[in-house]
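Right, one structure below, let's go through it.
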Amino acid sequence: MQVKVFRRVSTTLNSTIHASSEGNTMKHLEGVTRPQQYRALGLSTLAFTTCFAVWTIFSIIGVQIQRDLGLNETQFGILIATPILTGSISRIFLGIWTEQFGGRRVFSLLMLITAACVFMLSYVETYAMFLVAALGVGLAGGSFIVGIAYTSYWFEKEKQGTALGIFGAGNAGAAVTNFGAPFLLLALGWEQTAVVYAIVLTVVAVGFWVFSKEDPLTRARRGQGGKGSSTREQLEPLRHLQVWRFALYYFFVFGAFVALASYLPRYYVGAYDVSIAVAGSLAALYTLPASVFRALGGWMSDRYGARAIMYLTFIASLVCLFFLAYPETRYVVQGKEGEIAFTLAMPLWGVVMLTVLLGFFMSLGKAAVYKHIPVYYPENVGSVGGLVGMIGGLGGFFLPILFGVVLDLTGIWTSSYMVLFVLVAISLTWMHGAIRRMERRRVPELGEERYRYLPEIQEPAEAYAKHKRTHQTQE
């Protein structure tokens with residue numbers, strides 16, 4: 001009987017909350033049609049895919065540049081890391097500017113500036129100038145937050161997860177570079193490969209400006225003579241610890257994705273003695289699901305709730321990382337007829353399967369993290385999303401370095417997975433502790449219940465608790 005009452009109250013309260021939310025936060029969507037929404041989503045996804053392909057261009061042409069300039073490994077590592085670093089740090093500033101000036105302007109201008117920097121690669125000759133150009137190329141990675149803010153303002157709250165998941169699948173641009181750039185490199189050389197990338201990005205930038213429209217929220221502000229929030233107002237939510245908790249989640253689901261994408265080929269070659277060609281192909285099996293299934297993660301976040309998907313991501317990742325982190329171990333036990341020796345080791349096919357699964361769940365988590373932001377901070381998607389994206393991107397910069405340090409200290413190839421296991425365990429513990437504190441603070445009666453409710457039904461749970469108190473009073 002209690003379950004039926006709870007479900008009925010849940011449905012009623014959810015409808016009330018939904019109606020109130022629509023009335024208060026979605027007024028700018030009045031008159032926006034589905035074709036307009038789909039066009040904005042398609043154009044922003046295409047632009048982001050192109051930018052992500054440009055962001056990872058050094059993974060291909062960097063090898064030849066190293067040979068031509070005679071760079072040592074440290075110089076080469078800095079060159080490769082520079083675009084990742086600038087692409088991450090720039091996200092918070094680009095997010096604020098998107099809130100102030102609109103995604104259409106910022107996205108188009110960002111792509112044109114990046115294209116000029118990519119084109120400059122074909123003319124520079126010194127290492128110092130390559131680093132300067134790499135700083136500009138890294139701006140392509142900052143396009144993520146511009147597209148997140150631009151896309152989210154085109155869709156209703158209950159559809160934002162799916163839309164942002166589809167947009168985020170533009171991470172597959174890394175696969176485009178991995179598969180296409182080597183052919184350009186062999187046919188044209190790295191200088192002309194950079195020119196081709198610059199031309200393609202310029203065409204996409206012009207096409208985006210011509211065919212896209214200003215997002216409804218920015219258009220509504222300008223129509224009313226208003227301006228976007230100031231930088232200080234945009235940074236105000238960053239005082240909340242919750243924002244930094246979201247950033248830690250993204251440090252794993254995105255930062256570790258970027259880190260493993262660059263680390264796995266080396267791991268396969270070193271741990272399993274395969275050729276670089278085979279190692280690259282096996283690493284691509286991880287990269288593809290870690291990008292493509294982000295759209296599914298967005299839909300699941302809309303359907304089942306973002307926090308439920310985060311629980312799924314963290315728990316499944318812990319299981320995968322436990323087996324991946326377990327090093328090859330030899331055991332000797334005493335049997336009735338003497339010693340018995342055996343070895344536990346993960347075969348190559350097992351590692352490949354587990355990394356594919358890990359990539360799949362990480363893609364779900366990437367979408368779930370960004371589902372939270374427009375719900376909790378609807379007026380600060382740019383700044384909050386920029387910070388979260390920046391911290392996540394920095395994971396792609398620092399984690400590979402940490403992998404190398406731990407490998408040098410331990411000599412264990414699976415030590416990189418040990419690092420990620422600890423990171424996920426901390427994230428899961430922090431998230432669950434925060435949710436439990438929220439439950440006890442908002443609904444003390446839940447402490448008396450046998451089962452715990454997820455935050456997606458927190459409001460209905462409050463209604464159920466109120467009903468229970470009223471029923472007890474009547475009795």
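Each residue takes its place number in the sequence, starting with 1.
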TODO: Please lay out, stage by stage, how Met111 and Cys51 fare under the test side-chain contact (heavy atoms from CB on, under 4.5 Å).
DONE: CA-CA 7 Å; Met111 285 188 283; Cys51 285; 3.6 Å; yes

Open item on the list: Centre-to-centre under 6.0 Å for Tyr417 and Tyr267, is that the case here?
Closed with: yes

Task: Minimum heavy-atom distance Phe251-Gly395, with the two atoms named - done: CE1-CA, 3.3 Å

TODO: Verify, without hydrogens or angle tests, whether Thr313 (side chain) and Phe361 (backbone) share a donor-acceptor contact under 3.5 angstrom.
DONE: yes

TODO: Considering non-hydrogen atoms only, spot the tightest contact between Ala134 and Thr86 and give its length.
DONE: O-OG1, 4.1 Å

- [ ] Check the side chains of Gln36 and Arg39 for a donor-acceptor pair under 3.5 angstrom, ignoring hydrogens and angles.
- [x] no

Task: Under 3.5 Å: donor-acceptor pair, side chain of Ser108, backbone of Arg105 - done: no

Open item on the list: Which heavy atom of Phe167 sits nearest to which heavy atom of Ile148, and what is that distance?
Closed with: CE2-N, 3.7 Å

Open item on the list: If you define the side chain from C-beta out and look only at heavy atoms, does anything of Ile166 sit under 4.5 Å from Trp299?
Closed with: no

Open item on the list: Do Ile391 and Leu248 make a side-chain contact, defined as non-hydrogen atoms from C-beta onward lying under 4.5 Å apart?
Closed with: no

Open item on the list: Please report the interatomic distance CZ(Phe155) to CD(Gln37), rounded to the nearest 0.5 Å.
Closed with: 5.0 Å

Open item on the list: Which heavy atom of Leu41 sits nearest to which heavy atom of Thr45, and what is that distance?
Closed with: O-OG1, 2.7 Å

Open item on the list: What I'd like to find out is whether the side chain of Val106 reaches to under 4.5 Å of the side chain of Gln100, using heavy atoms alone.
Closed with: no

- [ ] Quick one: do Leu420 and Leu260 satisfy side-chain contact (heavy atoms from CB on, under 4.5 Å)? Show the steps, please.
- [x] CA-CA 10 Å; Leu420 295 182; Leu260 284 177; 3.8 Å; yes

Open item on the list: Counting only heavy atoms not in Phe323 (residues, nucleotides, ligands), do more than 12 fall under 6.0 Å from its CZ?
Closed with: no

Open item on the list: If I compare all heavy atoms of Gly102 with all of Glu214, which pair ends up nearest, and what's the gap?
Closed with: CA-OE2, 3.6 Å

Task: Spacing of Phe252 atom CZ and Leu399 atom CG [to the nearest 0.5 Å] - done: 10.0 Å

Task: Close aromatic pair by centroid cut-off 6.0 Å: Phe48 and Phe52 - done: yes

Task: Ile89 CD1 to Ile84 CD1 distance, which is reported to the nearest 0.5 Å - done: 12.0 Å

TODO: Kindly say whether Ile412 contributes a backbone atom to a donor-acceptor pair with the side chain of Ser415 at under 3.5 angstrom?
DONE: yes

Task: Within 6.0 Å of CE in Met353, more than 12 heavy atoms from elsewhere - done: no

- [ ] Output the distance between atom CZ (Arg219) and atom OH (Tyr153), rounded to the nearest 0.5 Å.
- [x] 14.0 Å

Open item on the list: Would you say that Phe254 contacts Phe257 through its side chain, given a criterion of any heavy-atom pair below 4.5 Å between the two side chains?
Closed with: yes

TODO: May I have the step-by-step check of side-chain contact (heavy atoms from CB on, under 4.5 Å) for Leu94 and Arg91, ending in yes or no?
DONE: CA-CA 5 Å; Leu94 291 170; Arg91 290 183 177 190; 5.7 Å; no

Task: Option from Trp244, Trp430, Phe314 for which ring pair (Phe, Tyr, Trp, His ring centres under 6.0 Å) with Tyr249 holds - done: Phe314

Open item on the list: Using only atom types and a distance under 3.5 Å, with no angle test, would you say the side chain of Trp55 pairs donor to acceptor with the backbone of Pro83?
Closed with: yes

- [ ] Give, for atom CG of Leu354 and atom CG of Leu358, the distance between the pair rounded to the nearest 0.5 Å.
- [x] 8.5 Å

Open item on the list: Restricting to non-hydrogen atoms, name the atom on Ser44 and the atom on Thr151 that form the minimum distance, rounded to 0.1 Å.
Closed with: OG-OG1, 3.1 Å

Task: Donor-acceptor pair, side chain of Ser301 and main chain of Ala306, under 3.5 angstrom - done: no

- [ ] Compare all side-chain heavy atoms of Leu164 with those of Ser152 and state whether any distance is below 4.5 angstrom.
- [x] yes

Task: Lys NZ or Arg CZ of Lys366 over Tyr250 ring: under 6.0 Å, within 45° - done: no

Task: 4.5 Å side-chain heavy-atom contact, Leu282 and Leu285 - done: yes

Task: Nearest-0.5 Å distance, NE2 of residue His432 to CE of residue Met310 - done: 14.5 Å

Open item on the list: Donor-acceptor pair, distance only, cut-off 3.5 Å: does the side chain of Ser427 make one with the backbone of Leu423?
Closed with: yes

Open item on the list: Are Val406 and Ser416 packed together at the side-chain level, in the sense that at least one heavy-atom pair is separated by less than 4.5 angstrom?
Closed with: no

TODO: Would you please indicate if the ring centroids of Phe107 and Tyr150 are separated by under 6.0 Å?
DONE: no

- [ ] Hey, can you tell me if Phe360 and Phe293 have their rings parallel, tilted or perpendicular (30° and 60° cut-offs)?
- [x] perpendicular

Task: Chi angles and distances behind the side-chain contact (heavy atoms from CB on, under 4.5 Å) call for Val253, Val369 - done: CA-CA 9 Å; Val253 294; Val369 170; 4.2 Å; yes

Task: pair Phe211-Leu43: side-chain heavy atoms closer than 4.5 Å - done: yes

